[in-house]
Amino acid sequence: MASVGYLNGHSLVSHRRASSGKSLSFDPSCLRRNGGLYGRVCRMRIERGLSHGVLIGGKERRGLGVSGKDGGFEVEEDGDGDEEDVADEALRATIRWSKQVLAKQKDLIQRIVASRKLVSSIESSFLNTQGNKSEVSSENYTRSGITGPASVSDGDLVHEGRKVGTRSQPEISFAHALGLAREEDGLITAPSKVTPSSLSKTYEPTEFRDEALEDLGEANVGDVDEKHEMTPEEGNKESLPLAGVNVMNVILVAAECAPWSKTGGLGDVAGALPKALARRGHRVMVVVPRYGEYTEPKALGVIKRYKVDGQDMEVTYFHAHIDGVDFVFLDGPIFRHRQNDIYGGNRQDILKRMVLLCKAAVEVPWHVPCGGACYGDGNLVFIANDWHTALLPVYLKAYYRDHGLMKYTRCVLVIHNIAHQGRGPVEEDFRCTSLPEHYVDLFKLYDPIGGDHLNIFAAGLKTADRVVTVSHGYAWELKTSEGGWGLDGIINENDWKFQGIVNGIDTKDWNPELDIHLKSDGYTNYSLATLKSGKAQCKAALQQELGLLVREDVPILAFIGRLDGQKGVDLIGEAMHWIVGNDVQVILLGTGRQDLEDMLKRLEREHNDKVRGWVGFSAKLAHRITAGADILMMPSRFEPCGLNQLYAMAYGTIPVVHAVGGLRDTVSQFDPYSETGLGWAFDRAESNRLINALGNCLGTYWYYKNSWEGLQRRGMMQDLSWDNVAQQYEEVLLAAKYQW
Ligand SMILES: Nc1ncnc2c1ncn2[C@@H]1O[C@H](COP(=O)(O)OP(=O)(O)O[C@H]2O[C@H](CO)[C@@H](O)[C@H](O)[C@H]2O)[C@@H](O)[C@H]1O
């Protein structure tokens with residue numbers, strides 16, 4: 001043996017030639033440059049710490065000897081070695097190795113195909129299965145992936161004789177030990193493995209990731225077995241969700257959810273965002289109180305009891321699976337008959353409802369067998385909304401994560417409106433939460449308006465893993481003393497986990513082409529192509545319905561919204577004298593503060609030929625106004641996002657807004673020179689600014705028809721759907737998931 005050295009060159013063979021067989025050092029990655037499998041195999045061997053690699057394998061064992069050393073190869077050289085033989089031997093070894101790897105891969109592909117067949121046969125056989133022993137619907141079983149022969153027996157979920165679900169997990173008893181809940185018999189909790197998300201994970205190529213497979217690369221797969229039916233990637237194409245490997249279990253919890261319960265935009269978001277997340281492949285649930293008798297949700301037969309302010313409160317669970325989402329309704333005496341007054345009652349009453357909602361919601365993944373299987377706590381992220389559910393991340397921490405339970409569950413808190421925070425006296429309200437004593441500091445806040453008080457939003461913001469608000473503009477405003485309503489300090493301290501995402505709209509519900517409220521009473525559906533005639537017809541129908549003069553040439557100015565200080569409807573009242581001095585019609589729809597409701601009625605009385613003030617809540621009328629009006633006024637003093645201006649633009653109705661929060665983000669100012677922009681945005685919430693903007697808007701409506709049509713078309717052509725937004729939420733959920 002002539003020498004031992006390190007090989008260091010572009011190619012083992014050529015380098016050796018250049019180095020006259022002396023000591024050489026060897027960077028294994030360089031072999032990649034030598035092309036193909038040869039280099040790859042060398043690298044694999046090195047990484048695996050094999051002391052003798054392909055270069056000396058085989059009986060000929062001439063030329064070079066190799067042993068691993070500190071990530072490099074030691075090369076033994078025997079002077080008379082034949083370089084070509086070495087290369088041949090290396091190639092043969094490479095081919096042997098490749099075949100092994102490819103055989104393994106083929107085996108895996110066959111297993112994937114077999115698994116897919118099994119799942120689809122289970123699904124179809126279950127669809128045909130009659131008389132399920134449990135109360136859970138077959139449709140839901142199908143989705144859960146434990147379909148077909150699955151049944152509920154003695155509280156266990158059984159599939160093909162194999163127990164796939166068990167009774168409640170230890171976490172539950174722990175919560176009970178803490179007085180959070182009491183166990184009821186007969187609950188089924190399937191292991192998190194049988195969730196659709198974990199099922200689809202099974203089909204992920206990543207699950208089968210193997211160092212050797214990676215090294216061989218896709219290009220080589222076909223060479224070995226041209227007959228194989230599909231690669232894992234091909235096999236996955238159909239089943240791979242948009243979220244890919246990031247599919248999660250998501251539970252959104254809110255005090256309202258459209259279409260069942262809605263006082264404003266929160267209800268819209270709770271009804272639409274989950275569906276968009278489900279379209280991306282996530283397993284999604286919404287948890288919301290059952291305020292009234294709803295037709296779709298059916299009782300699941302699960303009953304739990306929770307202590308709220310020292311009182312036992314019973315919750316029963318209702319469930320409906322709609323558009324890919326599990327809607328779970330919490331039924332209990334405290335929620336019942338609140339349909340028209342969701343946030344009604346005194347401060348303590350409201351707090352108790354929200355405490356019960358959060359306590360029950362945090363345990364829903366264990367107790368509620370949606371589609372036959374509970375969500376479980378693995379790969380789970382909650383989305384809490386506003387102060388009403390800001391206790392959820394606190395309970396998650398205090399009762400679970402502090403004790404090493406639900407370790408992988410996260411909570412994202414969304415701020416829809418910081419003006420409502422769940423403020424109250426410290427002692428009294430903290431007792432109602434039944435949290436451990438040392439948690440009180442999280443809730444304590446002092447500000448010049450409230451003094452020392454308990455603030456539920458504050459505690460939620462501190463404990464949530466991520467915080468989102470509903471526009472970029474509002475995210476910025478929340479950090480200022482004017483916009484933060486006393487919580488700006490906490491928001492600034494938690495800036496690292498805080499961001500804005502602009503809301504989307506439900507393009508099934510709010511779509512002039514599909515809108516169900518435009519199918520009768522003279523209204524009509526319309527699209528960009530039929531904008532002119534369709535909108536004109538809706539306008540005539542609206543004038544007719546509200547008893548206004550039916551005139552095509554008169555612009556209709558509208559307002560829709562909650563009647564409170566936020567929405568600036570009083571500014572419209574102040575500007576009314578100027579407004580009705582023009583040849584216009586005005587329609588105002590809202591409910592809320594008594595003085596503002598009175599104002600609407602008064603305006604209608606005083607200008608009966610031109611103004612309609614409709615006091616009340618009517619989704620149908622809101623849709624019809626959005627279609628029939630020409631201009632939507634939104635002079636909000638603050639507006640976290642605002643949905644009405646988005647709906648308006650989708651219907652070819654031009655928004656005139658105060659440039660604040662989400663309104664500034666979504667309504668760009670019309671520029672007559674470049675023919676750009678989407679509406680008019682004025683810079684101060686004052687009636688004279690509103691008048692000024694309306695003057696420009698009306699002038700364009702009357703005298704620049706082409707510009708007007710351009711405004712309408714640009715608005716309608718935007719993609720305002722939740723689909724884009726859901727992707728941004730997904731990123732936040734992921735960030736929360738991987739955060740410790
Ligand atoms: N009388 C009535 N009859 C029928 N429908 C009525 C109605 N009054 C209001 N609505 C409807 O309620 C919704 C109001 O949504 P907004 O987003 O404009 O306001 P809201 O302040 O409630 O929401 C808060 O949360 C949402 C969601 O994040 C943010 O966009 C917003 O800025 C924030 O203040 C719209 O769907 C509207 O049509």
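Ligands are counted one by one from 1 in listed order, and the atoms in each one are counted from 1 as well.
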Notebook entry, point to check: Quick one: salt bridge (Lys or Arg N to Asp or Glu O under 4.0 Å) partners of Glu545, sequence neighbours excluded?
Noted result: Arg624

Does an N or O anywhere in [X] fall below 3.5 Å from an N or O of ligand 1?
{"X": "Val269", "value": "no"}
{"X": "Cys641", "value": "yes"}
{"X": "Ala619", "value": "no"}

Please identify which atoms of ligand 1 are closer than 4.0 Å to at least one heavy atom of [X].
{"X": "Val470", "value": "28 (O)"}
{"X": "Pro640", "value": "32 (O), 33 (C), 34 (O)"}
{"X": "His416", "value": "24 (C), 25 (O), 27 (C), 28 (O), 33 (C), 34 (O)"}

What protein heavy atom sits nearest [atom], and how far away is it?
{"atom": "atom 27 (C) of ligand 1", "result": "Asn503 ND2, 3.3 Å"}
{"atom": "atom 35 (C) of ligand 1", "result": "Asn644 OD1, 3.5 Å"}
{"atom": "atom 1 (N) of ligand 1", "result": "Gly616 O, 2.8 Å"}
{"atom": "atom 14 (C) of ligand 1", "result": "Gly265 N, 3.4 Å"}
{"atom": "atom 36 (O) of ligand 1", "result": "Asp268 OD2, 2.6 Å"}
{"atom": "atom 12 (O) of ligand 1", "result": "Gly264 CA, 3.4 Å"}
{"atom": "atom 34 (O) of ligand 1", "result": "Gln566 NE2, 3.0 Å"}
{"atom": "atom 7 (C) of ligand 1", "result": "Phe617 CE1, 3.4 Å"}

Assess, by modelled atom type and distance only, whether the side chains of [X] and [Y] contain a donor and an acceptor separated by less than 3.5 Å.
{"X": "Asp429", "Y": "Gln348", "result": "yes"}
{"X": "Asn724", "Y": "Asp719", "result": "yes"}
{"X": "Asp609", "Y": "His607", "result": "no"}
{"X": "Glu256", "Y": "His388", "result": "no"}
{"X": "Lys519", "Y": "Thr524", "result": "no"}

Please classify the [X] to ligand 1 contact at 4.0 Å (heavy-atom distances, strictly less than): side chain, backbone, both or neither.
{"X": "Tyr647", "answer": "side chain"}
{"X": "Ser618", "answer": "backbone"}
{"X": "Lys567", "answer": "side chain"}

Item checked: Gln645 heavy atom under 4.0 Å from ligand 1 ->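 It does not, in that no heavy atom of Gln645 comes within the 4.0 Å cut-off of ligand 1.
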
Checklist line | Sub-4.0 Å heavy-atom contact, Gly561 with ligand 1 | finding: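 Under 4.0 Å: yes for Gly561.
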
Checklist line | Presence of salt bridge, Arg280 and Asp723, under 4.0 angstrom | finding: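 Looking at Asp723 and Arg280, the cut-off is not met.
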
Check: Quick check: does any side chain N or O of Ser618 sit under 3.5 Å from a backbone N or O of Leu621, one acting as donor and the other as acceptor?
Finding: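 The answer is yes, because a donor-acceptor pair under 3.5 Å joins these two groups.
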
Next item on the list: Give the intermediate values and the outcome of ring-ring contact (aromatic ring centres under 6.0 Å, His included) for residues Trp485 and Phe638.
Entry: CA-CA 11 Å; Trp485 294 62; Phe638 68 94; 5.4 Å; yes

Item checked: Plane angle bin for His623 and Tyr651 - parallel if under 30°, tilted between 30 and 60°, otherwise perpendicular ->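 Rings of Tyr651 and His623: perpendicular, as their planes differ by over 60°.
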
Next item on the list: If the plane angle is over 60° it's perpendicular, under 30° parallel, otherwise tilted; pick one for Trp708 and Tyr701.
Entry: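 Plane angle over 60°, so perpendicular.
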
Item checked: Met599 side, atom CE; Arg593 side, atom CZ - distance, nearest 0.5 Å ->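 Reported value, rounded in 0.5 Å steps: 9.5 Å.
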
